[in-house]
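The structure appears below as structure tokens.
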Protein chains: 2
Amino acid sequence: MRIGELSRETGVAVPTIKYYVREGLLPAGRLTSPNQASYDDGHVRRLRLIRGLMDVGGLSVSAVREVLAAVDSPERPVHKVLGAAQEAITPKSAVAPEGLEEARRTVAELVRRRGWHTDPDHPSAEAMAVALAAFRGIGRGDFLEVLDDYADACERVAAADLAWVGRNAEVDGLVESVVVGTVLGDAVLMAMRRLAHVDASARRYEKDAEGGAAPGAGGR
Amino acid sequence: MRIGELSRETGVAVPTIKYYVREGLLPAGRLTSPNQASYDDGHVRRLRLIRGLMDVGGLSVSAVREVLAAVDSPERPVHKVLGAAQEAITPKSAVAPEGLEEARRTVAELVRRRGWHTDPDHPSAEAMAVALAAFRGIGRGDFLEVLDDYADACERVAAADLAWVGRNAEVDGLVESVVVGTVLGDAVLMAMRRLAHVDASARRYEKDAEGGAAPGAGGR
DNA sequence: CGCTATCTGATAGTGAGACTATCTATGATG
DNA sequence: CATCATAGATAGTCTCACTATCAGATAGCG
């Protein structure tokens, strides 16, 4: 397969493919002559993975590079690789809002209450603290009343994710499953949450027969 | 309050505040003389809201502008405003992957199965279809096996969200609650899901006493 | 063999997005 | 009255993700 065909197959422009190769996201084609290279199904898969992570997951080129580096290290202890993948996936914010310390304590408290076996310094714990501090900062500090409901939901989701990953781990790389499940799974979850909002408020709307309070009440 | 104090209060640089005013995110200060204006607590709140939506929620300036336009329209039917807010919040992707049609049917089927009162053309339904098509495209089409678990989780989350919004709707604007709850809530949910992944795999890890398959097994 | 489409590899340019710098004229403050 | 901050305007910067253009070299068809 030559680059033009790869481009047609995936819908990615030829110069963009070259760009990804330069950026180290995609391995170069196998040179069959000084100015001809051939690409295979692995390239197609990889390219689709890249676009999925970028378009759907919203990752930047450099984040994708880090993620793929983790995906491509079959040696090294598995949990290290997964940790690196998670780290690369987690968007790091440089901001330090006011109530961050307090929010961190809230997160630690939640983790303790749920009995979760997680490091309180995990980047995701920090990300959560930042989000909670933002709620606080705009006067919606009472959001933490819903945290336990969220935690219930997350436990269920995590169990499903774990089972899914375990089910097709052998197919084509464990780490890739985790990355894809995490990044694209987020997108699915967010979209579905909005649909559930619409449904929930539609029900309430019908019952009340009057436009009361509800999130996402609008049909398009 | 003058602009310097507003800047110190919120941690946003003065030229950036001016930029937001130019861009229509923030109302201008009340002019007390041709070259002095005064800002109040409303500006502080609004500025923190803007930064929260951008830094934590990842919205662009133009998305924030649309969202705030919805927040600032107290007239007009409530559900219309909420619909506009949701629309502005939903990231629209211009891509049209291959299995999109099939994915759309999968979403419609899910909605039917759950008995959700939602328009199948809702932007979030489309976003979900795009994500599912991406799973398919990289050979993980079996992800749809977890959709019902996700849906259970989302129903729970949506119920909690609805209750929360209803609880503090009077405080300071219903639409703002919805927007904040949706955008920042997403961030909380994503972070928490990762923590739950770590926990779930930690448990499995300990039980198996051998590095098996698990998402997010990494420490820190 | 000739011809045109395509390819590699390299360098430079583009357009959007989110600020940031600089400047002028003016007013605030001690 | 000296110093500092401010409004408003314009232009510049920096990053990101491409995209355009070239030169030189095949591919492969008739």
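Proteins get letters first, then strands, A, B, ... in listed order; numbering begins at 1 in each.
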Please tabulate, for the side chains in residues 56-63 of chain A, all donor-acceptor contacts under 3.5 angstrom to protein atoms that are two or more places apart in sequence or on a different chain.
| residue | atom | partner | partner atom | Å |
| --- | --- | --- | --- | --- |
| A:Ser60 | OG | A:Ser62 | OG | 3.3 |
| A:Ser60 | OG | A:Ala63 | N | 3.2 |

Point-to-point distance, once rounded to the nearest 0.5 Å, from CZ of B:Arg48 to CD of A:Glu98
5.5 Å

How many Å lie between CG on B:Leu59 and P on C:dC19, as a whole number?
13 Å

Listed by chain and number, what are the side-chain contact (heavy atoms from CB on, under 4.5 Å) partners of A:Arg136, not counting sequence neighbours?
A:Glu102

Which residues pass the side-chain contact (heavy atoms from CB on, under 4.5 Å) test with A:Ala129, sequence neighbours left out?
A:Leu100, A:Ala103, A:Arg104, A:Val107

Pairs under 3.5 angstrom, nitrogen or oxygen only, protein versus nucleotides 9-11 of chain C, please.
| residue | atom | partner | partner atom | Å |
| --- | --- | --- | --- | --- |
| C:dG9 | N7 | A:Lys18 | NZ | 3.2 |

Could you pull out every donor-acceptor pair under 3.5 Å between side chains of residues 7-17 of chain B and any protein atom, sequence neighbours left out?
| residue | atom | partner | partner atom | Å |
| --- | --- | --- | --- | --- |
| B:Ser7 | OG | B:Val12 | O | 2.6 |
| B:Thr10 | OG1 | B:Leu6 | O | 2.9 |
| B:Thr10 | OG1 | B:Val12 | N | 3.4 |

Apply side-chain hydrogen bond (donor to acceptor under 3.5 Å, both in side chains) to A:Glu5 and list each qualifying residue two or more places apart in sequence or on a separate chain.
none

How would you list all residue pairs meeting ring pair (Phe, Tyr, Trp, His ring centres under 6.0 Å) that involve residues 45-71 of chain A, not counting sequence neighbours?
none

Just how far, in rounded Å, is C1' of C:dT8 from CD1 of A:Ile17?
13 Å

Below 4.0 angstrom from OP1 or OP2 of C:dG17, is there any side-chain N or O of B:Tyr19?
no

Is there a side-chain contact between B:Leu147 and B:Leu132 in this structure, where contact means two heavy atoms from C-beta onward sitting under 4.5 Å apart?
yes

Could you go through residues 20-31 of chain A and list every donor-acceptor pair under 3.5 Å that involves a side-chain atom there, pairing it with any protein atom two or more places apart or in another chain?
| residue | atom | partner | partner atom | Å |
| --- | --- | --- | --- | --- |
| A:Tyr20 | OH | A:Arg51 | NH1 | 2.9 |
| A:Glu23 | OE1 | A:Arg65 | NH1 | 3.1 |
| A:Arg30 | NH2 | A:Ser38 | OG | 3.1 |

OH of A:Tyr20 versus P of C:dT8: gap in Å, rounded?
17 Å

Partners passing side-chain contact (heavy atoms from CB on, under 4.5 Å) against A:Asp142 (at least two apart in sequence or in another chain):
A:Arg140, A:Glu145, B:Trp164, B:Asn168

Rounded to whole Å, the CD1-C1' distance (B:Ile50 to C:dC19) equals 14 Å

Could you state the CD-C1' distance from B:Glu23 to C:dA16, rounded to the nearest angstrom?
12 Å

Of B:Gln36 and B:Pro15, whose closest DNA chain C nucleotide lies nearer the 5' terminus?
B:Pro15

Scan residues 1-12 of chain B against DNA chain C and write down, sorted by residue number, each residue with any heavy atom closer than 4.0 Å; if none is found, say none.
B:Arg2

Boundaries of the DNA chain D segment in contact with chain B, non-hydrogen, under 4.0 Å:
D:dA5 to D:dG8

Going by ring pair (Phe, Tyr, Trp, His ring centres under 6.0 Å), name the pairs with one or both residues in residues 36-73 of chain B, residues two or more places apart or in two chains.
B:Tyr39-B:His43

Whole-Å gap separating P (C:dG27) and CG (B:Asn35):
5 Å

